[in-house]
Amino acid sequence: MPAPKAVAFDVIETLFPLEPLRPRLARIGLREGDLEPFFAALLRDAFALDTVGIYKPFREVAAATLGQMGVPGPDQDVVFEGFPELTAHDDVRPTFELLRRRGVPAFCLTNGDPDVTETLLNRNGLSEFVVRSISIDEIGMWKPRERVYTYAANAAGVAPEQMALVACHAWDCQGALSAGLQAGYVDRGTPYSAVMQVPNATADTLPGVVEALLA
């Protein structure tokens with residue numbers, strides 16, 4: 001398959017790990033180990049709503065999830081204030097620099113809050129490498145709906161098969177592949193699901209994934 005002419009990156013966990021949120025959960029009466037159940041439940045409910053044609057933005061779903069876990073509204077801000085302060089994985093900047101050297105534009109494609117994404121890119125000195133950050137708020141659908149990925153390709157000015165989506169979530173890669181995009185999986189510690197379509201590239205670092213996609 002020809003190398004992609006544009007590469008889009010998932011944001012949460014793929015570029016910015018959620019680890020710093022653990023002590024914040026502990027501050028509001030939860031356990032640090034509740035981070036994974038929190039994020040999984042958030043995605044579950046968002047995907048369920050999306051399946052029946054109801055769109056709710058990231059923060060609204062996340063707040064409802066924390067409420068289910070027994071966290072009252074005022075205390076939830078402790079968690080939400082941590083999202084804009086996340087630090088990028090060490091391999092993110094080298095990846096963006098690699099794409100710049102190759103002349104391939106980089107995009108972000110996120111289920112998260114668009115303002116938080118812009119803040120993260122600016123705080124981590126990465127905004128200069130990203131042509132555009134695309135949020136699901138623009139289209140009113142959650143990844144992995146097909147239309148989200150084709151919308152991103154259109155925004156990048158390329159055909160779906162000319163854009164690659166890079167993520168650490170197998171469901172995100174599957175969504176991109178089902179929409180006709182290429183997909184690269186970065187292993188952040190979770191093996192790729194055997195029930196999902198095999199991605200075009202897999203590696204345990206972002207530069208490794210991008211190198212394989214561009215080869």
Side-chain angles (χ1 to χ4, degrees), residues 9-89 108-121 123 133-149 151-152 165 167-176 178-179 185-196:
F9 293 85
D10 170 59
V11 175
I12 299 299
E13 293 192 304
T14 301
L15 301 183
F16 301 94
L18 292 175
E19 284 297 313
L21 297 185
R22 291 190 190 279
R24 289 178 174 270
L25 293 179
R27 284 167 54 187
I28 57 176
L30 298 177
R31 300 168 301 173
E32 291 193 4
D34 285 328
L35 179 61
E36 287 81 7
F38 161 64
F39 195 59
L42 186 167
L43 292 177
R44 177 202 64 206
D45 289 353
F47 294 171
L49 288 169
D50 191 76
T51 298
V52 297
I54 299 173
Y55 177 74
K56 299 289 184 180
F58 182 91
R59 178 156 182 155
E60 189 171 345
V61 182
T65 303
L66 288 171
Q68 284 183 305
M69 299 174 76
V71 181
D75 289 346
Q76 294 175 7
D77 287 341
V78 173
V79 177
F80 290 123
E81 288 167 1
F83 276 94
E85 299 178 359
L86 299 177
T87 300
H89 284 289
C108 286
L109 180 60
T110 180
N111 279 338
D113 184 286
D115 293 333
V116 170
T117 300
E118 290 299 331
T119 298
L120 287 172
L121 293 173
R123 280 191 66 254
S133 180
I134 302 167
S135 167
I136 57 171
D137 283 355
E138 297 180 31
I139 191 171
M141 293 180 181
W142 279 70
K143 292 186 297 176
R145 284 287 288 273
E146 176 181 333
R147 192 176 164 200
V148 179
Y149 303 97
Y151 178 88
L165 182 280
C168 67
H169 309 289
W171 57 261
D172 206 356
C173 291
Q174 178 64 71
S178 295
Y185 180 73
V186 58
D187 185 346
R188 296 294 194 196
T190 302
Y192 194 81
S193 174
V195 299
M196 302 290 182

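For this chain, numbers begin at 1 and follow the sequence in order. Keep in mind that the numbers below use all heavy atoms, side chains included, and drop hydrogens, waters and symmetry copies. Bear in mind the structure is a predicted one, so any value in this text is a computation, not a measurement.
If you take CD1 on Ile12 and OG1 on Thr117, they are separated by 6.5 Å, rounding to the nearest 0.5 Å. We find the CG-CG distance between Leu66 and Leu30 to be 7.0 Å, quoted to the nearest 0.5 Å. Rounded to the nearest 0.5 angstrom, Leu109 CG and Phe9 CZ are separated by 11.5 Å. In this structure, Gln174 CD and Tyr185 OH are separated by 13.0 Å, a value rounded to the nearest 0.5 Å. Remark: Phe38 CZ to Leu21 CG distance equals 7.5 Å, nearest 0.5 Å. Atom-to-atom distance recorded for Asp137:CG and Asp113:CG is 6.5 Å, nearest 0.5 angstrom.
Nearest heavy atoms, Ala88 versus Pro17: C-CD, 4.3 Å. Closest approach of Pro191 and Gly189 over heavy atoms only: CD-O, 3.9 Å. The shortest non-hydrogen separation linking Cys173 to Ala167 is SG-O, 4.1 Å. Closest approach of Ser133 and Glu118 over heavy atoms only: CB-OE2, 3.1 Å.
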Scan the side chains in residues 41-53 for donor-acceptor partners under 3.5 Å anywhere in the protein, sequence neighbours excluded, and list what turns up.
{"from": "Asp50", "atom 1": "OD1", "to": "Trp142", "atom 2": "N", "distance (Å)": "3.1"}
{"from": "Asp50", "atom 1": "OD2", "to": "Arg145", "atom 2": "NH1", "distance (Å)": "2.9"}
{"from": "Thr51", "atom 1": "OG1", "to": "Phe47", "atom 2": "O", "distance (Å)": "2.8"}

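Qualifying side chain to side chain donor-acceptor pair (under 3.5 Å) partners for Thr14, counting only residues two or more places apart in sequence or in other chains: Asp10. Considering only residues two or more places apart in sequence or on other chains, Phe39 meets the ring pair (Phe, Tyr, Trp, His ring centres under 6.0 Å) condition with none of them. Residues satisfying the ring pair (Phe, Tyr, Trp, His ring centres under 6.0 Å) test with Phe83, not counting sequence neighbours, are Phe58. Under the rule for a side chain to side chain donor-acceptor pair (under 3.5 Å), the partners of Glu19 that lie at least two apart in sequence or sit in another chain are Arg22.
Remark: the backbone N or O of Glu13 is paired with a side-chain donor or acceptor of His89 at under 3.5 angstrom. Using a distance-only test at 3.5 Å, with no hydrogens or angles considered, a donor-acceptor pair links the side chain of Tyr149 to the main chain of Asp172.
For residues 71-86, every residue pair satisfying the side chain to side chain donor-acceptor pair (under 3.5 Å) rule, not counting sequence neighbours, is listed here: Arg24-Glu85, Arg59-Asp77.
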Exercise for review: Output, in order, the C-alpha distance, side-chain angles, deciding distance and verdict of side-chain contact (heavy atoms from CB on, under 4.5 Å) for Ile136 and Tyr55.
Suggested key: CA-CA 10 Å; Ile136 57 171; Tyr55 177 74; 3.4 Å; yes
